[in-house]
There are 2 protein chains.
Amino acid sequence: MAQRQMAFPQADCSECPIRYRAVCAHCEGDELNQLEAIKYYRNYAAGQTIVWAGDRMDFVASVVHGVAALTQTMEDGRRQMVGLLLPSDFLGRPNREHATFDVTATTDLQLCCFRRQPFQDLLSNTHHVSKRLLEMTLDELDAAREWMLLLGRKTAREKIASFLSIIVRRDATIQQFAKGGALAFDLPLTREAMADYLGLTLETVSRQMSSLKKDGVIRLEGKRHIVIPDFDALMHETGDDSDGGVY
Amino acid sequence: MAQRQMAFPQADCSECPIRYRAVCAHCEGDELNQLEAIKYYRNYAAGQTIVWAGDRMDFVASVVHGVAALTQTMEDGRRQMVGLLLPSDFLGRPNREHATFDVTATTDLQLCCFRRQPFQDLLSNTHHVSKRLLEMTLDELDAAREWMLLLGRKTAREKIASFLSIIVRRDATIQQFAKGGALAFDLPLTREAMADYLGLTLETVSRQMSSLKKDGVIRLEGKRHIVIPDFDALMHETGDDSDGGVY
DNA sequence: TCTTGACCTTGATCTGGATCAAGCGAGCCC
DNA sequence: GGGCTCGCTTGATCCAGATCAAGGTCAAGA
């Protein structure tokens, strides 16, 4: 546990002109050209909606930088985030014309889009792309199941600690400092978006952040900048098995 | 809404000797022989554990009949169900040696198992099997996200109503009666397992079932047999959009 | 027939997080 | 500079669902 091993995802792939490691890591020659031909970039400002649930969606995409959220909203306004997309994550579902969830940019965001129909054609012909996509989908399913445990059974404090540790583990930009392995990063979400992620209200999020701060588990520099002096101490607050889980 | 269309999954595939529609629906000749060669059946009694999280798992499987549950348990005993497998559902993850979650039979259960390594080999060579598996995994991910909304934002009453409607929609054995379209079925889960599914305690499950009964939304014949006189009335209790959702 | 134990129901009470409400600080526009 | 608005914090109060506790039902087995 002392020498924690973290797998930082790489948003860019230096050999790949598409800069989209997730899909094209093993593409070569003709396949790359095909992907190049159907790709284009799109930029969104923080807070902008990319698609609404039910909208026609004529592309699939990969996050280049920034953060996007999938959310569901009930008729009376109750909202639940159901997906958080960080750089290199995949957005959209092949063989589905309409979006199932609202997608919004929670920070400034760049997407690398592929037109859906030709992308699907490529999928049919290129086995390793669909294998990769299956792998990614299975990983997302595992993440969703962890998230379900969080939503169903964890306390507010455990939810906050778990959320912070998830961000730390997934965000490639987080710097690992020398002294004592303290971690520092900016939250990519408002308190309200965190509440939607965790199934809480924004007031409870704020209170629990203050409480973790008071207890020295985190430091807050400004509203968004977090310093974690001792990652193990944070993990201890998550309620998860202490031994790092999967072996 | 009056003439509700339900897609009942078919557990058996009459043309398919493997009786496993989900995977082999479009397999022919040699592929079928390959699947036949690596398949075997296993039976479990209600309550039995199939694998523990972390156990080595040398097979993948399809549910032939009965119901299985994937659950996660925290150190202090809090439990959350994260998957519910009905007939024709798929169990196990290709390219993963060890189970991530506990798997238990919640009713008497028969699995059609395939040895994992040769199944993976088949996946690599047979495009339509891996395409089918991707499709199934994406469906499961969508289901998991609905489930997250339920866990994070719904009230106890809405959770129970949603659970019942999910069972009705997914269970192929449910009889549709002539008069008024009333539905009747046996719950495949104990109150405790329902609580684990919904992120509640078993007492709250029991109380809300009684409440729905008192209000005439459901009838309870014995502990487990449910009659739903008016499916729309039940749907109205779920908190979901009334118009059936996806279009 | 009686006992046992698994499941389930119901009542009384407690509490974590929701809700309602006020105020703060920092950018931004006039 | 003054006034806004947005994001956030903090306090007071409330309540849905948890917890604690008792008892009911039914099937299996002695």
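Within every chain, numbering begins at 1; the chains are lettered A, B, ... in the order of the sequence lines, protein sequences first and strands thereafter.
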Less than 4.0 angstrom between a side-chain N/O of [X] and OP1 or OP2 of [N], yes or no?
X      : N      : result
B:R224 : C:dC8  : yes
A:S206 : D:dT9  : yes
A:R207 : D:dC8  : no
A:T201 : C:dA18 : yes

(Q) Does either side chain, that of A:R93 or that of A:T100, offer a donor lying less than 3.5 Å from an acceptor on the other one? (A) no
Q. Looking only at side chains, do A:R169 and A:S165 share a donor and an acceptor under 3.5 Å apart?
A.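 A pair is found: one side chain offers a donor N or O, the other an acceptor, under 3.5 Å apart.
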Q. Looking across every strand, which nucleic acid part, if any, lies under 4.0 Å from B:G199 by heavy atom: base, sugar-phosphate, or nothing?
A. sugar-phosphate
Q. With a non-hydrogen cut-off below 4.0 angstrom, is B:L200 in contact with a base, only sugar-phosphate, or nothing?
A.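 Since only primed, P, OP1 and OP2 atoms lie under 4.0 Å of B:L200, the category is sugar-phosphate.
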Could you state the atom-to-atom distance from [atom1] of [X] to [atom2] of [N] in whole Å?
X      : N      : atom1 : atom2 : answer
A:Q208 : D:dT9  : CD    : C1'   : 13 Å
B:I226 : C:dC8  : CD1   : C1'   : 13 Å
A:L202 : C:dC20 : CG    : C1'   : 13 Å
A:K223 : C:dG25 : NZ    : C1'   : 6 Å
A:H225 : D:dC8  : NE2   : C1'   : 18 Å

Q.
Which is more 5' along DNA chain D, the nucleotide nearest A:R153 or the one nearest A:S210? Just name the residue.
A. A:S210
Q) Under a 4.5 Å cut-off applied to non-hydrogen side-chain atoms, are A:L151 and B:L150 in contact? A) no
Q) Under 4.5 Å between any side-chain heavy atoms of A:V63 and A:L86, yes or no? A)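 Side chain of A:V63 against side chain of A:L86, heavy atoms only: no contact under 4.5 Å found.
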Q | Donor-acceptor pair present, B:R78 side chain and D:dT19 base, under 3.5 Å | A | no
Q) Does B:E203 make a side-chain donor-acceptor contact with the base of D:dC20, cut-off 3.5 Å? A) yes
